Amino acid sequence: MRNRINQLKNEINELTAASMEELEALRIKYISKKGEITTLFNDFREVANEEKREVGQLLNDLKNAAQDKINELKESFSGNNEADQKSDLTRTADPIKLGTRHPLSLVKNEIIDIFARIGFTIAEGPEIEDDWHVFSALNFPPEHPARDMQDTFFIEQNPDVVLRTHTSSVQTRIMSNQKPPIRMLFPGRVYRNEAISYRAHCFFHQVEGLYIDKDVSFADLKQALMYFAKEMFGPETQIRLRPSYFPFTEPSAEMDISCNLCGGKGCPFCKHTGWVEILGCGMVDPNVLSGVGIDPEAYTGFAFGLGVDRIAMLRYEGITSIKLFYENDPRFLGCFRR
Ligand code: PHE
């Protein structure tokens, strides 16, 4: 009996199988109901009582070793097996995983839709710009702090080439090339050398609006912005215009909307004021108009620049940091199906 056990143990150690069929034959040979090891268990009855304990142990070890070996061989086949399945041309194809739109694109498109309904069309401009389009044509004096290294990313030590700090540079491009009436939106990414926090990033997104025609007034600007705020955030939304300064608009204002995360009661996002700033705006400065060849006696216009990231944070509750937009974590991006 001991000899037979040892012999089978050696055999099993050496086992190989070239196919699933061969493996099945081995399983039948050794561990099926009529297999050699099972037969040994039957013979076990005849083993002398004083040897039963030791031989029983050997027999169990043999059975386990055989089972392990067969499992091991089976595993080495399962890889091949999958390949067999893959080459089955009649199998239904794996479903194609569809991506989702980025939340900033969803919000940008929503902004564009809202203004498209009152006649605004779209244009885009380059992110790498020259000083004239970003600053000079927009009435920035040479020593203005926005040109400073603090705010602007300059390229390769050439102070004339910058990453645009605002989409107002596209205003310059369009006004220089088109005659009024102009009623357009300029969406795009902008860059500022700012410390990154949960509310601010070194790049973010704006949608610029520009309307130039005869008799455009500040009342028209306010009405357009009020319409936008109510379409975007709901009819109960309040707006607040605060006097401000931009070199290219006069008068200038910043617009806040009632914080719709806390309903105006005050929360960390609105710094407990109940209001959140979402855009800068104003009447296009006559100097800017004449600089690009539009007669300021005949035409007036308004412009505004919306912060898309800020609006997205208000639109979708629970985005606790602007950084989430740029980490591209699929668990975050997958939340915005549309
Ligand atoms: N360009 C300004 C900014 O980035 C916003 C703005 C746009 C202000 C248009 C007035 C008119 O802050």
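Fair warning: this is a prediction, and the values are worked out from it, not measured in the lab.
Exactly one residue among I311, L306, V107 makes a side-chain contact (heavy atoms from CB on, under 4.5 Å) with V207. That residue is L306.
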Residues 176-190, side-chain donor-acceptor partners within the protein, below 3.5 Å, at least two apart:
from: S176; atom 1: OG; to: T172; atom 2: O; distance (Å): 2.3
from: N177; atom 1: ND2; to: R173; atom 2: O; distance (Å): 3.0

Please table the atom pairs, donor to acceptor, closer than 3.5 Å between any side-chain atom in residues 218-230 and protein atoms at least two apart or in another chain.
from: D220; atom 1: OD2; to: S217; atom 2: N; distance (Å): 2.8
from: D220; atom 1: OD2; to: S217; atom 2: OG; distance (Å): 3.4
from: Y227; atom 1: OH; to: I114; atom 2: O; distance (Å): 2.8
from: K230; atom 1: NZ; to: P235; atom 2: O; distance (Å): 3.1
from: K230; atom 1: NZ; to: T237; atom 2: O; distance (Å): 3.0

Listing, residues 33-50 side-chain donor-acceptor contacts under 3.5 Å, not counting sequence neighbours, or none:
from: E36; atom 1: OE1; to: R4; atom 2: NH2; distance (Å): 2.2
from: T38; atom 1: OG1; to: S32; atom 2: O; distance (Å): 2.5
from: T39; atom 1: OG1; to: G35; atom 2: O; distance (Å): 2.5

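Contacts of E22 classified as side chain to side chain donor-acceptor pair (under 3.5 Å), with partners at least two apart in sequence or in another chain: none. Taking F246 as the reference, F248 meet the ring pair (Phe, Tyr, Trp, His ring centres under 6.0 Å) condition, with sequence neighbours excluded. With sequence neighbours excluded, no residue forms a side chain to side chain donor-acceptor pair (under 3.5 Å) with Y211. The ring pair (Phe, Tyr, Trp, His ring centres under 6.0 Å) test applied to H102 returns no partner, not counting sequence neighbours. Under the ring pair (Phe, Tyr, Trp, His ring centres under 6.0 Å) criterion, Y245 pairs with no residue at all, not counting sequence neighbours. Listed by chain and number, the residues in a ring pair (Phe, Tyr, Trp, His ring centres under 6.0 Å) with F325 amount to none (sequence neighbours excluded). Under the side chain to side chain donor-acceptor pair (under 3.5 Å) criterion, E54 pairs with R2, sequence neighbours left out. Evaluation of the side chain to side chain donor-acceptor pair (under 3.5 Å) rule for Q206 yields T167 as partners, not counting sequence neighbours.
Legend: side chain to side chain donor-acceptor pair (under 3.5 Å) pairs involving residues 284-304, not counting sequence neighbours: none detected.
Aromatic ring pairs are classed by plane angle as parallel below 30°, tilted from 30° to 60° and perpendicular above 60°; the pair F203 and H201 is tilted.
Side chains of D309 and Y326: a donor on one and an acceptor on the other come within 3.5 Å.
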